[in-house]
Amino acid sequence: MAGRWLLEAQLTGSGRPVLHPGEVECYTLSSVDIICEEKPNFPPFRSGVLILTTHRILWIDGTNKSGAAAIPLGAVNHIYSPSKSIKTMFGKSKVRLQVSATADGRIDERGSTAIVIALVLRGKSDLDSFYSRLRDAWSSRSWEASSSNPGRSDSRENSSGFFEGSSGVRMAGVSGILRKEQEMWESTDKSLQEAFQDLNALMSKAKEMVMLAEKMRLKLLSGSTSFGNATNDEEAGSNQEMQDWLLSVGIVSPVTKESAGALYHQQLSRQLADFVRIPLERAGGMIALIDVYCLFNRARGTELISPEDLLQACAIWEKFDVPVMLRKFDSGVMVIQNKSHSDEEVLAKIKSIVLKSEALKNGISPSDAAIALGIAPLMAKEHLLTAESKGLLCRDISPEGFRFYINLFKDIDPNNIYL
């Protein structure tokens, strides 16, 4: 037990923490140690990134060798005021916590004993600011609200299969389902009206709107399989359009300069790598950087980032083990693509397109390739230019624009050119 006395925390593929429902990041520090003062035989957690959230204190190993650990704020019984002296001014700052633990020393909210642990802040860290944020997060007790109300609804289903609405009337069958749906949408409409009264109300309702959008997206996904036979093409298209919009509605806890401090670009880079996973899957493994900028800022709501921040975040990917990368074409167009993306597969698809009878006669334009490949015209043009540079295609420039044909010049024998 001494080897792992803190709770284990999950990480995303880019090394970002997986947050609980309703959990929001508050503060980030680098080079932080966690030690158990009362159990010297417990191995310390050295020089990691500490992320304070509304629910937990997260510690992430900088080398990703030890994974991540968590201290639930619900297990904290007391936060000691940091002592200030000449030694602490020029040495390491320390914040001591009394937490509940089991008999063998493992931290647990329902533990029967208490131990004292210390958060040792190395380097240039604002101790007063961190201590203030820690006390605010601990005093707010946000985790209790999330656990007591994980998915409140005005309608509920009892064990016998009946739906009971807010009026207490029991309903079964199709009428019960329809009534439940009506009450849910009425509650949704009321929340939206309250949120859009003014900007302040919108900002205060932002987290609730993101959680509501996620529930609606999951319902659309389940509805598309459960009621697929009952919907027509127009309704299916409307559901797909709504689902596409909800996929990029919001990030519950966006990384900001205020919360991340000196680690802003590092944490922003990791969050961006997690965010682009779904858009890349939908775009075929490659998406223009300008499109990512628009999608990411729309998802961040009021916490917008600058183009320079986006470029810097993408450049840091080279230092991390993330599945995406920034690529720049010879024309200067910058894209984000999966590392598993293969140009050879795209070139093979382009070759099959230009060998069709209509393409052999008239060639293909970037718009034709975009439709055939299911990608943006800008990306299709870059792929066509790449195929041309590899000798697969040749280009014809006319007032109508570019037309690309299969390259037959490489098959001509220079010794018998007229044959």
Side-chain angles (χ1 to χ4, degrees), residues 13 233 236-237 240-241 243-244 247-248 272-296 307 310-311 314-315 317-318 322-419:
D233 294 339
Q240 182 63 37
E241 182 180 356
Q243 179 181 334
D244 294 341
L247 282 173
S248 58
L272 178 62
D274 290 330
F275 174 81
V276 297
R277 180 177 57 85
I278 294 180
L280 281 175
E281 291 177 358
R282 301 177 66 87
M286 181 181 294
I287 187 170
L289 188 62
I290 184 64
D291 294 336
V292 173
Y293 177 74
C294 296
L295 290 172
F296 194 50
L310 181 69
L311 276 175
C314 294
W317 282 339
E318 299 178 357
V322 294
V324 294
M325 59 179 289
L326 178 66
R327 177 181 178 182
K328 186 175 182 179
F329 286 98
D330 295 336
S331 62
V333 174
M334 303 181 73
V335 300
I336 292 176
Q337 70 174 45
N338 288 323
K339 288 183 177 179
S340 59
H341 179 80
S342 173
D343 284 345
E344 300 302 326
E345 295 181 3
V346 179
L347 294 181
K349 294 180 181 179
I350 292 176
K351 185 176 181 180
S352 65
I353 296 172
V354 296
L355 286 177
K356 295 181 179 179
S357 58
E358 186 68 22
L360 288 172
K361 181 168 53 176
N362 300 321
I364 61 172
S365 66
S367 298
D368 298 331
I371 295 174
L373 297 174
I375 59 178
L378 179 63
M379 296 293 96
K381 182 179 179 181
E382 294 299 330
H383 286 310
L384 292 174
L385 292 175
T386 301
E388 180 194 27
S389 66
K390 294 182 179 294
L392 177 64
L393 304 179
C394 57
R395 184 196 333 168
D396 176 59
I397 303 177
S398 67
E400 297 179 356
F402 289 180
R403 305 289 296 185
F404 291 86
Y405 299 81
I406 190 68
N407 183 15
L408 301 178
F409 292 101
K410 61 181 180 180
D411 298 328
I412 298 177
D413 185 2
N415 297 324
N416 197 359
I417 191 171
Y418 296 103
L419 178 63

For a side chain to side chain contact (heavy atoms under 4.5 Å, CB included) check, start with the C-alpha distance between Val346 and Thr386, then their side-chain angles and the critical distance, and finish with the verdict. CA-CA 10 Å; Val346 179; Thr386 301; over 6 Å; no

With a 4.5 Å limit on heavy-atom distance, are the side chains of [X] and [Y] in contact?
X: Leu280; Y: His341; answer: no
X: Ile350; Y: Leu373; answer: yes
X: Val324; Y: Trp317; answer: yes
X: Phe402; Y: Asp396; answer: no
X: Met286; Y: Ile375; answer: no
X: Val335; Y: Leu326; answer: no
X: Cys314; Y: Leu289; answer: yes
X: Arg395; Y: Leu385; answer: yes

Mind listing the closest non-hydrogen atom pair of [X] and [Y] along with its distance?
X: Val276; Y: Val292; result: CG1-CG1, 3.8 Å
X: Gly13; Y: Asp274; result: N-OD1, 4.0 Å
X: Met379; Y: Ala288; result: CE-CB, 4.0 Å
X: Gly391; Y: Asn407; result: O-ND2, 2.9 Å
X: Arg403; Y: Gly363; result: NH2-O, 2.9 Å
X: Val333; Y: Glu382; result: CG2-OE2, 3.3 Å

Verify the neighbour count for atom NZ of Lys361: are there more than 12 heavy atoms of other residues, nucleotides or ligands below 6.0 Å? no

Exceeds 12 heavy-atom contacts within 6.0 angstrom, atom CD of Glu400: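 12 or below, so no.
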
Point-to-point distance, once rounded to the nearest 0.5 Å, from [atom1] of [X] to [atom2] of [Y]:
X: Leu310; Y: Leu272; atom1: CG; atom2: CG; answer: 6.0 Å
X: Glu345; Y: Leu347; atom1: CD; atom2: CG; answer: 10.0 Å
X: Tyr293; Y: Leu311; atom1: OH; atom2: CG; answer: 10.5 Å
X: Glu388; Y: Lys381; atom1: CD; atom2: NZ; answer: 11.0 Å
X: Ile397; Y: Phe404; atom1: CD1; atom2: CZ; answer: 8.0 Å

Taking Leu393's backbone N and O only, do any of them form a donor-acceptor pair with Tyr405's side chain (distance below 3.5 Å, no angle check)? no

Under a 3.5 Å distance rule, please check whether Lys339 uses its side chain to pair with a backbone N or O of Val322 as donor and acceptor.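 Answer holds: yes.
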
Charged N-O contact under 4.0 Å between Arg327 and Asp343: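 So Arg327 pairs with Asp343 through a salt bridge.
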
Would you sort out whether Leu384 and Ile364 count as a side chain to side chain contact (heavy atoms under 4.5 Å, CB included), showing the intermediate values? CA-CA 10 Å; Leu384 292 174; Ile364 61 172; 3.9 Å; yes

